[in-house]
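Predicted model only: the values in this text are computed from it and were never measured. For ligands, and for the atoms within them, numbers begin at 1 and follow the listed sequence.
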Amino acid sequence: MNSMINGKSIIIFGPPGAGKGTQSGLISTMTGKPQVSTGDMLRDAVADDSDVGREAKSYMDKGLLVPDEIILQLIKIRLSRDDAKSGLLFDGFPRTIPQAIALETLTDVSMVISLVVEDDEIVSRITGRRTDPETGEIYHLEYKPAPQHIRDRLLQRDDDTEDTVRNRLSTFHKQTAPLSDFYRDKGILFEVNGSGEIKQVSSSIEAIIEAKTGD
Ligand code: AP5
């Protein structure tokens with residue numbers, strides 16, 4: 001791994017349902033950086049019924065962002081672990097300009113891979129999403145059907161209803177989309193058309209990472 005990527009973090013960026021979680025495994029495997037999803041961390045806190053989880057749920061259920069202080073507290077703890085020394089793959093973080101500015105004081109970011117997908121496609125992706133609680137694998141009723149023998153155990157996320165998805169999209173456009181310009185200005189934003197088939201999107205991401213590691 002070269003100095004462009006070595007020891008630095010990577011961000012996978014995009015609207016809800018853009019495919020960030022789906023593509024994270026590939027990026028993690030290619031770069032050796034552990035995936036850190038703030039959404040998964042918050043859902044774990046909700047499942048534990050902790051104070052943080054209860055507060056976070058009140059925002060998540062409405063499609064709103066959880067306050068920056070809570071998110072940054074989780075990120076600081078995660079970055080203090082040994083395996084963060086080679087950099088992390090952030091999925092769903094940062095989501096506000098203050099989060100991005102705070103991250104600059106915590107780790108170097110080498111690249112931001114931004115998945116671009118239109119809103120109409122997002123709604124059908126999210127309402128059809130199902131997750132395997134045993135493996136964490138993400139499926140879709142139509143675009144990535146799960147094997148027949150595990151279909152009974154698949155779960156739908158509480159915030160994956162059509163109304164909440166529309167709120168999440170509106171939150172994205174207001175508070176998170178401006179981060180594209182923030183990272184474009186730094187020359188580290190790499191946009192990928194996220195609306196092709198899963199394998200096509202993976203190939204585009206692979207090409208970007210290969211080019212970057214060859215720098
Ligand atoms: P989070 O869990 O991060 O949700 P999100 O950003 O809304 O993203 P998703 O997980 O919904 O989508 P994804 O891009 O990972 O898509 P996926 O790969 O699953 O956050 C949830 C909530 O937590 C937020 O609303 C907020 O309240 C809070 N939160 C989290 N982080 C925060 C932060 N930093 N600050 C403040 N609050 C925060 O794919 C979706 C579906 O599409 C799947 O079914 C998949 O199979 C399918 N699919 C994927 N790619 C394709 C393709 N190319 N073609 C067809 N189908 C596809």
Side-chain angles (χ1 to χ4, degrees), residues 11-27 35-46 52-53 55-76 78 88-103 113-132 136-146 154-177 179 192-205:
I11 294 168
I12 181 153
F13 178 81
K20 302 183 295 294
T22 300
Q23 301 294 342
S24 283
L26 165 81
I27 304 174
Q35 177 202 7
V36 172
S37 155
T38 39
D40 286 346
M41 290 165 107
L42 293 168
R43 280 183 288 280
D44 287 346
V46 172
V52 165
E55 184 172 357
K57 187 168 167 48
S58 66
Y59 294 95
M60 294 165 83
D61 285 349
K62 295 188 193 109
L64 299 173
L65 294 185
V66 173
D68 291 340
E69 304 75 51
I70 292 181
I71 300 294
L72 289 169
Q73 198 187 342
L74 293 174
I75 290 292
K76 280 178 193 161
R78 183 61 187 85
L88 296 173
L89 166 62
F90 292 111
D91 161 7
F93 172 85
R95 256 170 148 107
T96 62
I97 296 283
Q99 288 181 19
I101 290 171
L103 183 63
I113 298 168
S114 170
L115 298 176
V116 181
V117 181
E118 296 298 323
D119 287 8
D120 287 345
E121 195 171 338
I122 299 279
V123 176
S124 74
R125 279 195 191 182
I126 288 201
T127 50
R129 170 169 48 198
R130 298 293 183 273
T131 308
D132 180 358
E137 187 72 26
I138 303 165
Y139 294 99
H140 189 281
L141 295 176
E142 191 181 339
Y143 310 131
K144 189 181 169 186
L154 299 184
L155 297 178
Q156 185 170 23
R157 270 167 49 176
D158 289 347
D159 59 346
D160 275 357
T161 62
E162 186 160 346
D163 280 352
T164 311
V165 172
R166 295 212 180 270
N167 290 341
R168 284 161 62 194
L169 273 171
S170 150
T171 301
F172 173 80
H173 289 299
K174 275 189 229 146
Q175 289 179 269
T176 307
L179 287 175
V192 172
N193 176 2
S195 58
E197 288 185 7
I198 293 175
K199 280 189 180 154
Q200 280 173 342
V201 179
S202 299
S203 302
S204 306
I205 292 175

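For atom 43 (C) of ligand 1, the candidate residues are Ile122, Asp61, Leu72, Ile138; the nearest heavy-atom contact is made by Ile138. Nearest to atom 47 (C) of ligand 1 by heavy-atom distance, out of His140, Met60, Lys57, is His140. The option with the heavy atom closest to atom 9 (P) of ligand 1, from among Met41, Arg129, Gln99, is Arg129. Between Arg168, Arg95, Arg43, it is Arg95 that holds the heavy atom closest to atom 6 (O) of ligand 1. Comparing Leu42, Asp40, Leu64 against atom 26 (C) of ligand 1, the shortest heavy-atom distance belongs to Leu64.
The shell of residues lying under 4.0 angstrom from ligand 1, judged by heavy atoms, excludes Ser37. Residue Asp159 places a heavy atom under 4.0 Å from ligand 1. Distances from ligand 1 to the non-hydrogen atoms of Ala18 include at least one value under 4.0 Å.
Shortest contact from atom 4 (O) of ligand 1 to any protein heavy atom: Arg157 NH2, 3.3 Å.
The backbone N or O of Arg166 lies less than 3.5 Å from no partner atom in the side chain of Ser170, so there is not a single donor-acceptor pair. Under a 3.5 Å cut-off, the side chain of Ser202 and the backbone N or O of Ile198 do form a donor-acceptor pair.
Annotation: Gly92 places an N or O atom under 3.5 Å from an N or O atom of ligand 1; distance criterion only.
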